[in-house]
Amino acid sequence: MDNSFLHRKKLLLVDDEPDLLKMVTDILKDAGFETVLTAASVKEAVMVAKREKPDLMILDVMLPDGDGFSLMKQLRTFTDVPVIFLTAKDEATDKLAGLGLGADDYISKPFMPQELLLRVYAVLRRTYKEDSPLVVLDGCTIDFSRAEVNKGGEVIPLTAKEHTLLETLARNEGKIVTVDALCEALWGDNPFGYENSLNAHVRRIREKIETDPSRPVSLITIKGLGYKLNTRK
Amino acid sequence: MKSFGTYISKHLASFAAFLLILVIVNIILFGVTFYHTVSEDYGESSPRAMLEMTSAAVTTESLPDNAVQKLRQYNIWAVYLTPTGECFWTLDVPEEVPQNYNIQDVALFSKGYLEDYPVFVWNTDEGLLVLGYPKNSYMKLTSNYYSIEAIQKIPLYVTGMFGMDVLCLFLAYYFSKRRIIQNTEPIVEAIETLADGKPASLHIDGELSEIAGSVNKASQIISRQNEARANWISGVSHDIRTPLSMIMGYAGRITADESAGERVREQAEIVRKQSVKIKELVQDLNLVSQLEYEMQPLHKEQIRLSKLIRSYAAELLNSGISDAYTIEIEIAPEAENAMLECDARLISRAINNLVQNSIKHNPQGCKILLSLKHTEETLTLTVADNGVGLTPEKLQELEEKPHYMESTDERLDLRHGLGLLLVRQIVEAHGGSMKIDSVSNQGCQTTLSFRVSQT
């Protein structure tokens, strides 16, 4: 899936380490983000957030005048902006505190630039759906807003379950989504024994989107794990 | 605990020996004290000797001079009575002693005293010889009779008493030993816990409460030290993270920078790879020390392990690992819905460490199989590869040698890093066990077994 529509989103980085701010800014700007704002303290962050209304905030947990968690509580009083925590604390001990407050993700230092970008894109994509809901596959186009598949001029409607299933896969385009995650997306939190129904849905979707449903090229089975949706670049 | 029992037994044995010595000493002291009296009682002046001497010399007329002298030497008076109670003669008889006796008098004094003089009698053919000793020189038992039954009982009584004494001693020994062990058991246990480097707390009342206090104090010191050590490691690993982020970040950027020269990019890639190693070490180090000192709270939940394995494998594949490695999942049908109460993050970390080990040791690529089986009470998670495997020596070394985190000698080599140690700790924190099997050049397999309650 093309991420370029996300590059217009405004990002705000909060960290008290100027070198790190500069590096993360560089990484994000090189990736194509147009506006990357920075702040070095809780006070400054709240000020910038109120003034600039960023679309995503990346917060360090340790700040000179408070911690990221309390900053997030303050932010939540006036905005629902998605938040990613960046922390030097060990993930195993701190992660729950961040997610419990409603953080969208959590990256522990040290991190690879690629990892940071992936998480930023994932959170942005989850929060801000693409304006054009068209997904182009090999041999057909899916229009999620109308729940339709256009295969060689023929328009085939999608059922609600098929729509959810395809959307989940499209959001993680090119990546494996486990059967568990798919079942959860379709049937909620306690999806025991739904694998057979899932298989049936996948079979029906293949009939709608694949040129040759017995030899799928878009909706691929990953044996023992789940499924993957390949889109056309 | 057993050594303590032996200790008490040895002490009791020496105590018994001491008792025996005491008895012997008493006997010797008795002998020394009464030797004089005894020799006198049975010596020349004893009533029996005197009676024998006098009766041999006596006649109805008088007593020979030498016998008279002997008697006088010991202040003994004498009377020789006719069978009718008259006197043949008397010698030095005090005034209050009568000269005639009837049968009742004789019956009385023959058993005891005559006017408070202890008297002894001897029957001769002619009459009755009576010797009177000075007042208060002898005590006579006036009622010296015992039933035959009582006499016959004496040997039984002595053996019975002896047996009873031994039994009492043994009971005293047994109960005091049990009591001591009961009282000291918690102390010994606490000290053994301390010896393992773990904190112990002890609550006992009474005489031993002081020891409990000392044990608790030692425990506090140990846990304070453990805490300080874990905090120190956590602090260092925390402070390394931000600078390391920048090293990794910039090295990564240089590697990807097409305007940089080929050589520079290659070198930057080396920096990046090495900093990833430091990152892994820092992450593992902190968790290992937290687990080691039991400072890591486990966030246990009921988890479907099959789901966790799939989610881990999908994440690994999605992160884009080299095509040289294939990841396969094999979940037995009965294990599909098996739940384990565990900390999902830690279990994922353990699986990841094992998979990363397989990747690290097989740069040429290999097949990695994650499988899950469920038998009656055990959930078995296996991470296997078909790579170079381990030589038997290496395998033995992994299992036997203490890791440098736990070692106090100078052998601080980092050959196996912390990965495997962390896996072991995580498994143990979940009450499970870990087993490594490997055939050289055929691959390596690590099995993690967890006990599950049947649901």
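Here is the naming used below: chain letters follow the sequence lines, and residue numbers restart at 1 for every chain.
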Requested in this report: Evaluate the side chain to side chain contact (heavy atoms under 4.5 Å, CB included) criterion for residues Lys279(B) and Lys109(A): first the C-alpha distance (whole Å), next the side-chain angles of each, then the deciding distance (0.1 Å), finally the verdict.
Outcome: CA-CA 9 Å; Lys279(B) 167 192 157 148; Lys109(A) 293 177 188 173; over 6 Å; no
Query raised in the report: Considering only heavy atoms, which portion of Gln114(A) lies under 4.5 Å from any heavy atom of chain B: side chain, backbone, both, or neither?
Result: neither
Report summary line: Output for pair (Glu195(A) CD, Glu336(B) CD), nearest 0.5 Å, gives 5.5 Å
Query raised in the report: If you look at every heavy atom in Gly224(A) and Arg310(B), which pair is closest and at what distance?
Result: O-CD, 3.2 Å
Query raised in the report: chain B: which of Leu118(A), Leu86(A), Thr178(A) shares the most heavy-atom pairs with it under 4.5 Å?
Result: Thr178(A)
Query raised in the report: Taking only residues at least two apart or on different chains, which pairs with a member in residues 322-342 of chain B satisfy ring pair (Phe, Tyr, Trp, His ring centres under 6.0 Å)?
Result: none
Report summary line: So the salt bridge (charged side-chain N to carboxylate O under 4.0 Å, His left out) pairs with at least one residue in residues 249-268 of chain B (sequence neighbours excluded) are Asp30(A)-Arg253(B)
Report summary line: Heaviest contributor of heavy-atom pairs below 4.5 Å to chain A, chosen from Leu244(B), Ile309(B), Asn318(B), Ile329(B), is Asn318(B)
**Report entry** Nearest-0.5 Å distance, CG of residue Leu225(A) to CG of residue Leu317(B)
**Finding:** 6.0 Å
Query raised in the report: Which of residues 15-22 of chain A have a heavy atom under 4.5 Å from any heavy atom of chain B?
Result: Glu17(A), Asp19(A), Leu20(A), Lys22(A)
Requested in this report: Could you check which of Glu328(B), Glu330(B), Glu315(B), Arg272(B) has the highest count of heavy-atom pairs closer than 4.5 Å to chain A?
Outcome: Arg272(B)
Requested in this report: Carefully, step by step, assess Met23(A) and Tyr250(B) under the rule side chain to side chain contact (heavy atoms under 4.5 Å, CB included).
Outcome: CA-CA 7 Å; Met23(A) 185 187 81; Tyr250(B) 280 117; 3.4 Å; yes
**Report entry** Minimum-distance pair of heavy atoms, taken over all atoms of Ser245(B) and Pro110(A)
**Finding:** OG-CA, 3.2 Å
What donor-acceptor contacts under 3.5 angstrom involve side-chain atoms of residues 37-48 of chain A, with partners at least two apart or in another chain?
unit_1, atom_1, unit_2, atom_2, d
Ser41(A), OG, Glu44(A), N, 3.2
Glu44(A), OE1, Ala40(A), N, 3.1

Report task. Report, as yes or no, whether the 6.0 Å neighbourhood of atom CE on Met62(A) holds more than 12 heavy atoms from other residues, nucleotides or ligands. Result -> no
Query raised in the report: Does atom NZ of Lys10(A) have more than 12 heavy-atom neighbours, drawn from other residues, nucleotides or ligands, at distances under 6.0 Å?
Result: yes
Query raised in the report: Is atom NZ of Lys273(B) surrounded by more than 12 heavy atoms (other residues, nucleotides or ligands) closer than 6.0 Å?
Result: no
Query - Which of Ile222(A), Ile27(A), Asp60(A), Val24(A) touches chain B most, by non-hydrogen pairs under 4.5 Å - result: Ile27(A)
**Report entry** Distance in Å, Ser311(B) OG paired with Ile176(A) CD1, rounded so as to fall on 0.5 Å steps
**Finding:** 11.0 Å
Query raised in the report: Is the closest side-chain heavy-atom distance between Gln283(B) and Ser108(A) below 4.5 Å?
Result: yes
